[in-house]
Amino acid sequence: MRLAKRDRLNELGLEAYPVSVPITDTIPAVRERFGGLEADATTGVTVGLAGRIVHLRNTGKLCFASLQSGDGSRIQAMVSLAEVGDENLDLWKELVDLGDHVFVSGEVISSRRGELSIMVSEWKMASKAVLPLPNMHNELNEETRVRNRYLDLIVREQARKTVFARAKTMASLRETFTQLDFVEVETPMLQVMHGGASARPFVTHSNAFDMELFLRIAPELYLKRALVGGIERVFEINRNFRNEGADSTHSPEFAMLEAYEAYGDYTSIAALTQKLIQDAALSVSGSHVVTWADGTDFDLGGEWDRISMYHSLSVAAGVEITPATSVADLQALADREGVEVHLANHGKLVEELWEHFVKDGLTRPTFVMDFPIETSPLVKEHRSIPGVVEKWDLYVRGFELATGYSELNDPVIQRERFMQQAAQGAKGDVEAMRVDEDFLKALEHAMPPAGGMGMGMDRLLMAITGLGIRETIMFPLVK
RNA sequence: GGGCCUCUAGCUCAGUUGGUUAGAGCAUCGGACUUUUAAUCCGAGGGUCAAGGGUUCGAUCCCCUUGGGGCCUACCA
């Protein structure tokens, strides 16, 4: 029947979907300018505004409507018989529904109850909604929200805030990088060989080349090629794809930031990461203390803690664990704790045990330093501690937010590491890396020493907003 | 992948211990109302109770299969 109203508008020559309407102002601008108006005041100022109708109260000779603009701000329109006349008032009551975009022009006033309003002298349909708005007084359930995000955005303040927080975060990251002379690049998403992380890829097929292609799991190996080529401060913010499970902290496609700094190392890149995140927090909330959706304040400020993986594990487990601890001893401990490790080696056992004992306690931002060598095939060995690599993971809210390396640039060692990975792959590890000859060739041309880091953008938003990953992604994958 | 729960009107939800016309609020339609704020008042319409199959005199309700969703668990960021 709303379709009938669309037709009726067109019949009357009123246009249900005009190309444009003559707005002179925006709702937030008018609110800003006249926000302090006393009740029952007039201004003598005429404006033309458009917005979506989110409340409608049609009474006899004076009708009220709340118009909402894209930022969620609202203003009331009053359509009175005295101002618009019989015919126009009747058309308003006949043809305007909740959810429509309408244009109104008239004087800015405040109602007797003090509500900032437009006393309409002229109105026009801006765009007719033929489907009804959902109930504004109950939260949409999660499935409806995710499947119809546009409705969620109209109805729920937090959904809008999240979109804007994300945009501000992205802009802030780019600004910080620009200040520090980093260059943004875009590297391939469709790759002949996937690499740069341990994950199962999505596989696709090129008709033109009749070959298997992979959606990238990480941009790392291309950004390192850029380093070889002399792009010495380089970053990329783009999507990665991993063919793995989805839950509150994992999505099959997710936005990733990677940055590389020639002549830096994992310490300098940790400092950079802290600055990037703190600047983003400042941009979103005006302070290093952010407020999560549930109302808790979370402090991202100050110098973040740095703990050693082996030391923190030893303390929590109550036994000394070092890079020299045998697989048998680690396995015994894992068995005792009920920690199952698939295709166990020293590195995997240490990481799993660390997650079991330490991870959940890390709410405050914490750099976990110095990882076992087996699980980190792209990282340089520690300058002074044998059996360990110069890698940190940044934990916030109990999840891994970012990771940073002193990047491995010795092509001979890199080849050995790839060979070890290939051996793991042969044993059935579906996430093991492949030997990437083209990348090795680039390394043989000498990559400068560098620090590098990768950070999940969706997770950064989770840290800033306190939400789950499906809320930080506007349109997450749904079946 | 495994386990548990769930799917009822446009939206959010009740409900039916298996029984004939399945309810509420908001939304919709008709009527009244010139200061309303989830306006109010009077009246009305709206459902393949996720889909398919089974048990039964009778299924929205019980059982099975399939699909969607959620939570926990495993793997990964």
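Naming convention: chains lettered A, B, ... in sequence-line order (proteins, then strands); numbering from 1 in each chain. All heavy atoms count here, side chains included; hydrogens, waters and symmetry mates do not.
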Using the C1' atoms only, state how far A38(B) lies from A27(B), rounded to an integer number of Å.
12 Å
Ranking G68(B), C11(B), U34(B) by distance to the side chain of L140(A), first place goes to C11(B)
message: Once you measure the plane-to-plane angle for F202(A) and F241(A), does it fall in the parallel (<30°), tilted (30-60°) or perpendicular (>60°) bin?
response: perpendicular
Here the distance between atom C1' of A74(B) and atom NE2 of H356(A), to the nearest Å, is 15 Å
Phosphate OP1/OP2 of G69(B): any R147(A) side-chain N/O under 4.0 Å: yes
>> Suppose you measure atom P in C4(B) against the same atom in U66(B); what distance do you get, rounded to whole Å?
In response: 14 Å
Using a cut-off of less than 4.0 Å, is there contact between a side-chain N or O of K5(A) and OP1 or OP2 of C29(B)?
-> yes
C26(B) -> Watson-Crick or G-U wobble partner, both distances under 3.5 Å, gives G10(B)
Would L394(A) and I277(A) count as a side-chain contact (heavy atoms from CB on, under 4.5 Å) if you check the C-alpha gap in whole Å, the side-chain angles of each, and the deciding distance to 0.1 Å?
-> CA-CA 11 Å; L394(A) 172 63; I277(A) 295 171; 3.6 Å; yes
What's the gap between U8(B) and C61(B) when it is taken at their C1' atoms, as a whole Å value?
11 Å
Next item on the list: Would you tell me if any nitrogen or oxygen in the side chain of R57(A) comes within less than 4.0 Å of OP1 or OP2 on A38(B)?
Entry: no
**Asked** Looking only at side-chain N and O atoms, does T144(A) come under 4.0 Å of OP1 or OP2 in U12(B)?
**Response** yes
Rounded to whole Å, CG of L116(A) lies from P of U37(B) at a distance of 18 Å
task = Remember a base hit wins even if backbone is also touched, and classify M78(A) as base, sugar-phosphate or nothing at under 4.0 Å, heavy atoms.
result = base
Could you give the distance separating G15(B) and A24(B) at their C1' atoms, to the nearest angstrom? 10 Å
To the nearest angstrom, the NE2-C1' distance between H55(A) and U28(B) comes to 17 Å
V146(A) vs P476(A) side-chain heavy atoms within contact, under 4.5 Å: yes
* Asked: Base, sugar-phosphate, or nothing: which does E352(A) touch, judged by heavy atoms less than 4.0 Å apart?
  -> sugar-phosphate
note: E142(A), atom CD; G70(B), atom C1'; distance rounded to Å ~ 7 Å
Between CD of E400(A) and C1' of C76(B) the distance, given in whole Å, is 10 Å
When rounded to whole Å, the CG to P distance for the pair D100(A) and A27(B) reads 15 Å
Atom CG of L56(A) and atom P of U37(B) are separated, to the nearest Å, by 14 Å
- Query: Mind checking the P distance from U37(B) to C71(B)? Whole angstroms is fine.
  - Reply: 38 Å
*asked:* Once hydrogens and angles are ignored, does a donor-acceptor distance under 3.5 Å link the base of C76(B) to the side chain of H250(A)?
replied: yes
query: Can you check whether N138(A) has a side-chain N or O nearer than 4.0 Å to OP1 or OP2 of C11(B)?
result: no
Problem set entry | Criterion side-chain hydrogen bond (donor to acceptor under 3.5 Å, both in side chains) on T187(A) and E236(A), from CA distance to verdict | CA-CA 8 Å; T187(A) 66; E236(A) 176 167 8; 2.6 Å; yes
Problem set entry | Salt bridge flag under 4.0 Å for residues R160(A) and E157(A) | yes
D97(A) has its side chain closest, among U28(B), C11(B), U35(B), to U28(B)
Which of U34(B), U35(B), G69(B) is nearest the side chain of R112(A)? It is U35(B)
Base, sugar-phosphate or nothing for A197(A)? Non-hydrogen atoms, less than 4.0 Å.
nothing
- Message: Mind checking if L98(A) touches a base, just sugar-phosphate, or nothing, with heavy atoms under 4.0 Å?
- Response: sugar-phosphate
Practice problem: Taking atom C1' in both U60(B) and A14(B), compute the distance separating them and give it to the nearest angstrom. | Solution: 14 Å
Side-chain atoms of E115(A) come closest, of C26(B), G68(B), U37(B), to U37(B)
Between CD1 of I217(A) and P of C75(B) the distance, given in whole Å, is 19 Å
Testing U12(B), U35(B), C26(B) for proximity to the side chain of H137(A), the answer is C26(B)
Item to complete: Check every strand shown and say whether S251(A) touches a base, only sugar-phosphate, or nothing at a heavy-atom separation below 4.0 Å.
Response: base
- request: Would you mind classifying the nucleic acid contact of R74(A) as base, sugar-phosphate or nothing, using non-hydrogen atoms under 4.0 angstrom?
  value: nothing
By the Watson-Crick or G-U definition, both distances under 3.5 Å, U20(B) is matched with none
Between U48(B) and A22(B), how far is it from one P atom to the other, in whole Å? 13 Å
Touch check for N141(A), heavy atoms < 4.0 angstrom, all strands: base, sugar-phosphate only, or nothing?
-> sugar-phosphate
**Request:** Can you label the angle between the Y310(A) ring and the H346(A) ring as parallel, tilted or perpendicular, going by 30° and 60°?
**Result:** parallel
query = What is the ring orientation for H55(A) with H137(A), classed by angle as parallel under 30°, tilted 30 to 60°, or perpendicular over 60°?
reply = parallel
RNA chain B nearest-nucleotide lookup for G114(A) and S198(A): closer to the 5′ end is G114(A)
| query | Within the structure shown, what part of the strands sits under 4.0 Å from E139(A) by heavy-atom distance: base, sugar-phosphate, or nothing? | reply | sugar-phosphate
* When you compare G69(B) with A51(B), how far apart are their C1' atoms, in angstrom units rounded to a whole number? -> 15 Å
- Could you go step by step and tell me if K224(A) and E407(A) meet the side-chain contact (heavy atoms from CB on, under 4.5 Å) rule? CA-CA 9 Å; K224(A) 285 181 170 172; E407(A) 300 294 342; 2.7 Å; yes
For C49(B), the nucleotide meeting Watson-Crick or G-U wobble distances (both under 3.5 Å) is none
Checking A39(B), C76(B), C26(B) against the side chain of T59(A) (C-beta onward), the nearest is A39(B)
The Watson-Crick or G-U wobble partner of C71(B), with both key distances under 3.5 Å, is G3(B)
### Task
Classify the side-chain pair Y150(A)/D152(A) by whether it contains a donor and acceptor separated by less than 3.5 Å.
no
Check: Which is true for N58(A) with a 4.0 Å heavy-atom rule: it touches a base, it touches only sugar-phosphate, or it touches nothing?
Finding: base
